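Computed from a prediction, not measured in an experiment: that's the story for all the values here. Convention: sequence-line order gives letters A, B, ...; per-chain numbering from 1.
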Amino acid sequence: MDLSFSPEEQAFREEVRDFLKSELPERLSEKVRTGKHLTKAEIEEWQAILSRKGWLAAHWPKEYGGQGWSVVQRYLYDIETSQAHAPHVVPFGLSMLAPVLIAFGSEEQKAHWLPRMLNGDDWWCQGYSEPGAGSDLANVRTAAIRDGDEYVVNGQKTWTTLGQHANMMFCLVRTDTDGPRQHGISFLLVDMEAPGVEVRPIITLDGGHEVNEVFFTDVRVPAENLVGEEGRGWTYAKYLLTYERTSMAAIGSSKAGLAWLKSIARAEMANGKPLIEDALFAARLARVEIELANLETTTLRVVAAAAQGGAPGAESSILKIKGSEIRQEISSLARRAIGPYAQPFPPEVDMEGSNEPAIGPDYAGVITPNYLNLRKLTIFGGSNEIQKNIISKAVLGL
Amino acid sequence: MDLSFSPEEQAFREEVRDFLKSELPERLSEKVRTGKHLTKAEIEEWQAILSRKGWLAAHWPKEYGGQGWSVVQRYLYDIETSQAHAPHVVPFGLSMLAPVLIAFGSEEQKAHWLPRMLNGDDWWCQGYSEPGAGSDLANVRTAAIRDGDEYVVNGQKTWTTLGQHANMMFCLVRTDTDGPRQHGISFLLVDMEAPGVEVRPIITLDGGHEVNEVFFTDVRVPAENLVGEEGRGWTYAKYLLTYERTSMAAIGSSKAGLAWLKSIARAEMANGKPLIEDALFAARLARVEIELANLETTTLRVVAAAAQGGAPGAESSILKIKGSEIRQEISSLARRAIGPYAQPFPPEVDMEGSNEPAIGPDYAGVITPNYLNLRKLTIFGGSNEIQKNIISKAVLGL
Amino acid sequence: MDFTLSDDRQALVDVLSRFIRERYSLSLRRNASQDAPGHDSGTWQQLAEIGVIGALFDPEVGGYAGTPYDLIAIFETLGHGLVAEPVMPVLMAGTILAETRPDLLEDVISGEAIVVPALFEAAGRYDHTIVQTRAAKSGTAYTIDGAKAVVLHAEAANLLIVSAVEDSGDVGLFLVPTDAEGVFLRGYPGNDGTRAAEVSFTSVAVGEDARLGDLSLADAALAKGSLALCAEALGIAEWLKTATLEYLKTRVQFGKPIGSNQALQHRMVEMVVRIEQMRSAVINAAAALDGSDELARSRATSAAKYTIGTSGIEVAEEAIQMHGGIGMTMELDMTHYARRAVLIDHQLGDADHHLSKYIASAAA
Amino acid sequence: MDFTLSDDRQALVDVLSRFIRERYSLSLRRNASQDAPGHDSGTWQQLAEIGVIGALFDPEVGGYAGTPYDLIAIFETLGHGLVAEPVMPVLMAGTILAETRPDLLEDVISGEAIVVPALFEAAGRYDHTIVQTRAAKSGTAYTIDGAKAVVLHAEAANLLIVSAVEDSGDVGLFLVPTDAEGVFLRGYPGNDGTRAAEVSFTSVAVGEDARLGDLSLADAALAKGSLALCAEALGIAEWLKTATLEYLKTRVQFGKPIGSNQALQHRMVEMVVRIEQMRSAVINAAAALDGSDELARSRATSAAKYTIGTSGIEVAEEAIQMHGGIGMTMELDMTHYARRAVLIDHQLGDADHHLSKYIASAAA
């Protein structure tokens, strides 16, 4: 048993730290640290910096422009970037579509789409969920009917994250209504600027606009945009769902969130002393910090097993459950920490930066919306109830 | 809305208090207060005192020797006796069998058995549970086959509380194996001293002997000991199960337990001050005290509804769930409170009183066994999981 | 012992419920909170007309009811309808006026005047006794300087009741018109749809008669305000329970209603148990407020606010979780109830604050 | 980064597991705890022979292993077998002897001598620095007077390591034979099947060489002892998980295995998640103990003991609850594991004690 990282891994970690120190604009990291929303331009700015370094798709195989990083390297990179408050890279193209293309796409598709991702030419979004389907992803009703060299797509997708910025969507469509419902699903790439595509915002309970509904009315998609074989889309989608599972623990985000929470608890005064010295609050902080330290090692154990060739299986559902609970708990504690200033709803200008002074402490404005927004963690990506069903069946055999 | 008790009810409460002050031997109440086990003789001593006062079966109708108390009076009586640390009356005959006899028994049975109960002539035990049946009480396999004027009983009962003291058992037996399984069940009174009855102790995880297994081998029971009609036993048993549900909240026991816990937390020192001043411990104490105050009013609401003629239905399952959780939490806190002295297992002499000094503080010895013993509260009497199923179905319609 | 509503109280609840059902709506609520005055003046006028404002106060001072049991009936109903009108602040301010300036209550009860308290400051968190705002006396006038934090419905008010340190060092309460020179309101919508404002006072001159009395007058107002919030939270929780139960029964996934999942059934039962305990906590607080024992009142109020704070948030979070994705959207009425259920804990002291108060009073 | 056991360590675990499976039993354990010496001497001798005692200590002092990772492998296995032998106390005492009297270790490793620490007193609760026992010096001898509380396996020991206040006011550690005149042991079985004793010292005379050093020597021993308890609790929790899972699959009620109840499935998953977190906490504590950072060691030890204390009890309580009625009986092996899981929290500081220590060290 050896919990330390190898000298090579340590050196890699230092390299990541140095890079972040010199290349990550403080303007961006400060927004991330304090929970502000980034504009599309800011996200693209950071992705361009990574692309220049060759790290935008570092987890890809080298032949496609990646670095061929090991799982341990990817873990370290995730932790370091989160703790440095680097913006999150939009994962839909780089981490979700690309692995599918690399595994199942045609040579033409790989040659066309992968370099464009590295170059920042496309903003991809994901079209899996449909209204009323919830965690039942195989419940796909959006129809794609073959018509010569094209598919004609009709239907609706929902919970499309950042779909308002996207020019391309990869999605599951139904090409066959007979037989078991998993069989008639295909994997299609759709131009969001094509006629018949309409994007409507969904305002979430934090007041934010992050997700969307997408409507397709007679949208014509070239048949060359079909990935793999018709009717095998469910297989590809499942491959993607098990990809990058360890990131679900969100250790880096939780560590950064906890550090921010502590700084707030030091600044807030309760009963004449800093809140962090309040016995009950300190106990809650300590509990979540301990849970997080435990989860970090749980995650490392899964990473280490994967590094030795073991595929992370249903155990990674444990990471999703505990990781989401911890992040939610940190966001709840932050809400409690700011006391009455949980109340003011920050106007848009506050979110984007303005010259008007903040209402209450400058850190307070985003806290309640963040708490509300993070309720999603236990719902999306396969609700925690679904994860428990998976563990119960796959791990426990119940 | 009016939460106060009527002047008559207040006067009644005073009468109960006065009676307890003058008639309850301190020798007994001190044992109850400090969680010691009472001997059979001590229980009978207290029951005789109550019998003289006419309060042993006060909840019975007046014609049978009861006081015809209202539900509010019964509630007040329960609270006052618990808080005064009066021994619990053994409920099997007085509160469980008697209502069934009064409702469904023959005149001969009532005339024979009820006065004997008031007189303390019989010690009744309950024969419902069978091995492997768990919360599925209709799973009765003990067979009673009619043979002339007798039934011949073969089979096994379990979890028979205080069966080691009993000379009589009322039990469910199977008189018919055809048809729906609820239909072939009959309600029979069995002499525990009859040939073929064997009682074996079950030692529970606290090391105590409270429950038993009872084996029947060709036990002959006079047919006159059948209560009501053959095959209707399940109906009578269910009647009994819904009887006295509000007592499941165990408000009086929890209040007495909480008072004892506080006295311990005042005596124990942690980090140089009384444990009760420790912020985390004080918070836990306050939480359970608040839960208990809330539950008391929840119980009163059920009692008040019952007093106005509404029968307490599945809502009383709420009282069972919350009441058992609160008692368990109090017993857990007591275990935590005594620190390292949770470890010594008290020898029998300690439980019964001895001249040897206690190991550790004198209150400590019974605490861990009590904590362990009270794990039963969420299991027996219809497990809390079963209660949740009941509420889900009967109250929520799920 | 009787837990049913009296006929009068039931009649008031019926009228208020019908009014909310027929005349109030969440879209009206949402629009009103976007800008000053932050509530719907028409609704307010009608609440006054059907007697809701008057029912907050004692007949002795011109009201129609005013017992703690009346308050829980009214605020549970308002919570059930998610009404975002300044009823709770007016109850608090009116309670102070009833003791000091009953002559002003008539206009409050008729709906013509709105008076709200401005008792909390940024540095004080949930402790209203930490006051930095000053009221300096010169001759027969006071000059007020300072700032108040998160003053609920300040923009809706004609008058504020402001706590300020006097030259003696004691804290007094002062009646300050919102349109007085030097009063500045920075209004904003709340995360729960309740509008509030940061209020600053720069050399605000008020007359000698503006002084209502000392800070202890606020105690009864805070207790009633807390009771009102608790009852409101109870109404919200009941609404959330009904909505979630309905959703569990009608939402089909994997071919069956999601309510057929036993894991959700048991969690729903836990929600029901919590809500029954919340109701009992509210009743306990009302009973204590109805009594004369100061310590019992303080303890029951804190116990209720603690119970409501913890359980109300649990109920809201479970309601969101069981609704799944749709529970994350502003479109659904449910999420507005859930947001309010959470934010109630941040008004007049959160669960931690009241648990500490409860413990301190036990030690006392 | 490697979380697998080395070959040597795996071999030790295999040998120990086989020994427990073939030669140890709960009835043997139960009988042994009824009276002095409170453990099974034959088992102890065999544990020594297969190298388990030696594996607790460093090769430098005559042992075979002794790293924190060795300790968690050994104690997890002992926990899984519910072995009630004085391994943990001997680890603690041996750790102190290794620093002070390595010459005595040979007999300990061979199984001939048993040395246990007696560091806690009734007034100190979980704080070993509160010492009232006194060691008065006269000439070249010490006279020890006082009492120690809940000394685990005291009756099994030849020697005790006793903390006592010296004339200087500092606390020293002293080696005291259990058969010395004036040493009185009042032994008793524990609620978890571990035997312990109240130990009193009345004018107990020991020589100058009995003084091992000062109290700070206990720190490393306490850290290792805590790690051992945590690893043992992990082994117990894994056993409880397996037994409960098996029960859920085989116990039929209402015509189907109770494990088909989704509510129980989800609770079983929560148990699994807890146990994975417990394992990580134990690994974290071992890694910190393996390192040189004092603060990190203290924090990780307290974090682990806190995690084990809270989650170990949760696992035990859930195991009992899911077993239903049968889970209330002494007859079942499960209940003995559950009792031990609960009582581990009461040894070397409970979850509250360690959470406070953790918080204090964060502030430091």
*Do other residues, nucleotides or ligands put more than 12 heavy atoms under 6.0 Å from the CG atom of D14(D)?*
yes
*Is it true that E291(A) and R274(D) make a salt bridge, defined as a side-chain N closer than 4.0 Å to a carboxylate O?*
no
_Report which part of L300(A) has an atom under 4.5 Å of a heavy atom belonging to chain D: side chain, backbone, both, or neither._
both
*D7(D) atom CG, neighbour heavy-atom count above 12 within 6.0 Å*: no
*Of the backbone (N, CA, C, O) and the side chain (C-beta and beyond), which part of L355(D) lies under 4.5 Å from a heavy atom of chain A, both, or neither?*
side chain
_I321(A) and V269(D): CA distance, side-chain angles, deciding distance, side chain to side chain contact (heavy atoms under 4.5 Å, CB included) verdict_ = CA-CA 10 Å; I321(A) 292 171; V269(D) 168; 4.3 Å; yes
*asked:* With rounding to the nearest 0.5 angstrom, report the CE to NZ distance, M268(D) to K388(A).
replied: 13.5 Å
*At what distance, to the nearest 0.5 angstrom, does OG of S280(D) lie from CG of L295(A)?*
7.5 Å
*At what distance, to the nearest 0.5 angstrom, does CG of L396(A) lie from CE of M271(D)?*
10.0 Å
_I need the single residue from Q265(D), Q262(D), H266(D) that forms a side-chain contact (heavy atoms from CB on, under 4.5 Å) with L398(A). Which is it?_
Q265(D)
*To the nearest 0.5 Å, how far apart are CG in L264(D) and OG in S392(A)?*
10.0 Å
*asked:* Need one label for F3(D): side chain, backbone, both or neither, based on atoms under 4.5 Å from any heavy atom in chain A.
replied: both
*In chain order, what residues pass the ring-ring contact (aromatic ring centres under 6.0 Å, His included) check against Y337(D), with sequence neighbours excluded?*
W239(D)
*Go through the atoms of T298(A) and report whether side chain, backbone, both or neither lie under 4.5 Å from a heavy atom of chain D.*
both
*Enter the distance from Y358(D):OH to I290(A):CD1 here, rounded to the nearest 0.5 Å.*
5.0 Å
*Report the distance from atom CD of E270(D) to atom CG of N384(A), rounding to the nearest 0.5 Å.*
10.0 Å
*Which of K393(A), E289(A), E9(A), E277(A) touches chain D most, by non-hydrogen pairs under 4.5 Å*: E289(A)
_Donor-acceptor contact below 3.5 Å, side chain R301(A) vs main chain E276(D)_ = yes
_Contact leader toward chain A among R9(D), M278(D), Q277(D), where contacts are heavy-atom pairs under 4.5 Å_ = Q277(D)
_If we define contacts as heavy-atom pairs under 4.5 Å, which of V72(A), I276(A), I391(A), L285(A) has the most with chain D?_
I391(A)
*Pick one of side chain, backbone, both or neither for T4(D), based on which atoms fall under 4.5 Å of a heavy atom in chain A.*
both
*Sort and list the pairs that fulfil ring pair (Phe, Tyr, Trp, His ring centres under 6.0 Å) and have at least one residue in residues 373-398 of chain A, not counting sequence neighbours.*
W159(A)-F380(A)
*Check each atom of I72(D) against the heavy atoms of chain A and say whether the ones under 4.5 Å are side chain, backbone, both or neither.*
side chain
*Side-chain donor-acceptor pair present, N284(D), E296(A), cut-off under 3.5 Å*: no
